[in-house]
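In what follows, a structure is listed as structure tokens, so that the remarks can point back to it.
Computed from a predicted model, the values in this text were never measured in an experiment.
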Amino acid sequence: MFTILLAGAALLGVIIGSFLNALSFRFNTGRRFFSAQGMGGRSRCMQCGHTLGGLDLVPVLSFVFLGGKCRYCGSRVSLQYPLVELLAGALAAGVYLANPSVLAFAFWFFVWMTLLFVVLYDIKHTIIPWSCSLLLIALAFAQLFYHFDTLQLAIPGLWVLLSGPLLALPLFLLSLVSWGRWMGWADSVLELSLGAFLGLSAGATALMLAFWSGAIVGIFLLLLSRLSFYISSRGGSFRYTIKSEMPFAPFLILGAALAYFFHVDFFSTI
């Protein structure tokens, strides 16, 4: 039974991952998602505009069996589609392992799918939707006062209440001092919810991991840019400088995932 439920959670994640892929392309574009009329309702190939059928939209499997190409025009399909679907499936499985009760799983599944969408959107547009940030704050506030695993109300302690604001403060100050050039304003709002979700100790670890991973990726991109004469992208050289903009939400959420799913906590004994 456990294996079946775990597989079911992963399958649900893969399906929602497919939804998030489509949503990442339509969110804030004015295109309707659920309408069956016009461009808004039916998924289409982004190259030839052909309406995709059911066999073209099976998560992961369609990409594999079609060789990563559009059935109608043969254009390449972005690796984003299967990667996000598989990542969503892995997140869902991890959420089930951490929260086997139905309500707790539903709550944390919704939280992590929202965070995954934030990652997608920030990578594509270098901006965090305020609607997602406010939703995550509401969810974080809810879990402070209600234990979804035991179905009981809770009265959080002072340090629990202060976890989010204290961890968001450094990012807010970076934004304030640079007027948003060093750190986006929405990153501190995101950290406000992540800190509340994780608590002060694990949240501080997650924030540290975010800065470390961001620095490693930034250094790698700078080194890669030095070799730009070997690299061509759409006819131009790859260019990344110390002033280039890099989305930080993916690193914040990566650190949170390591702390939440793998219980990484550098300060647990303090």
Notebook entry, point to check: Would a distance-only check, ignoring hydrogens and angles, find a side-chain to backbone donor-acceptor pair under 3.5 Å from Asp265 to Phe267?
Noted result: yes
Check: For the ring pair Trp185 and Trp179, is the centre-to-centre distance below 6.0 Å?
Finding: yes
Item checked: Considering all heavy atoms, the nearest Cys48-Cys70 contact -> SG-SG, 4.1 Å
Notebook entry, point to check: Can you name the nearest heavy-atom pair linking Ala202 to Ala259, along with the distance?
Noted result: O-CB, 3.8 Å
Notebook entry, point to check: Which word best sums up how the rings of Phe211 and Phe248 line up, parallel for under 30°, tilted for 30 to 60°, or perpendicular for over 60°?
Noted result: tilted
Margin query: For a quick test of reading the model, state the closest non-hydrogen atom pair linking Ser178 to Leu174 and the distance between them.
Written below: OG-O, 2.7 Å
Next item on the list: Would you please classify the geometry between the Phe145 ring and the Phe141 ring as parallel, tilted or perpendicular, with 30° and 60° separating the classes?
Entry: tilted
Item checked: Shared hydrophobic cluster for Leu169 and Met208 (ILVMFWY, side-chain gaps under 4.5 Å) -> no
Next item on the list: Classify the angle between the aromatic ring planes of Trp112 and Tyr260 as parallel (below 30°), tilted (30 to 60°) or perpendicular (above 60°).
Entry: tilted
Note to self: For a quick test of reading the model, state the closest non-hydrogen atom pair linking Phe251 to Ala210 and the distance between them.
What the structure shows: O-CB, 3.2 Å
Next item on the list: Give the C-alpha distance, both sets of side-chain angles, the deciding distance and a yes or no for side-chain contact (heavy atoms from CB on, under 4.5 Å) between Ser24 and Phe117.
Entry: CA-CA 7 Å; Ser24 70; Phe117 176 73; 4.2 Å; yes
Notebook entry, point to check: Hey, what's the ring geometry for Phe107 with Phe197, parallel, tilted or perpendicular (30° and 60° as the breaks)?
Noted result: perpendicular
Next item on the list: Write down the atom of Leu6, the atom of Ala93, and the distance for their closest heavy-atom approach.
Entry: CD1-O, 3.6 Å
Notebook entry, point to check: What do the steps show when you test Lys124 against Phe25 for side-chain contact (heavy atoms from CB on, under 4.5 Å), and what is the final call?
Noted result: CA-CA 9 Å; Lys124 290 178 68 67; Phe25 286 103; 3.1 Å; yes
Checklist line | Evaluation steps, side-chain contact (heavy atoms from CB on, under 4.5 Å), between Phe109 and Leu91 | finding: CA-CA 8 Å; Phe109 176 80; Leu91 283 174; over 6 Å; no
Check: Relative to each other, are the rings of Trp212 and Phe266 parallel, tilted or perpendicular (30° and 60° limits)?
Finding: tilted
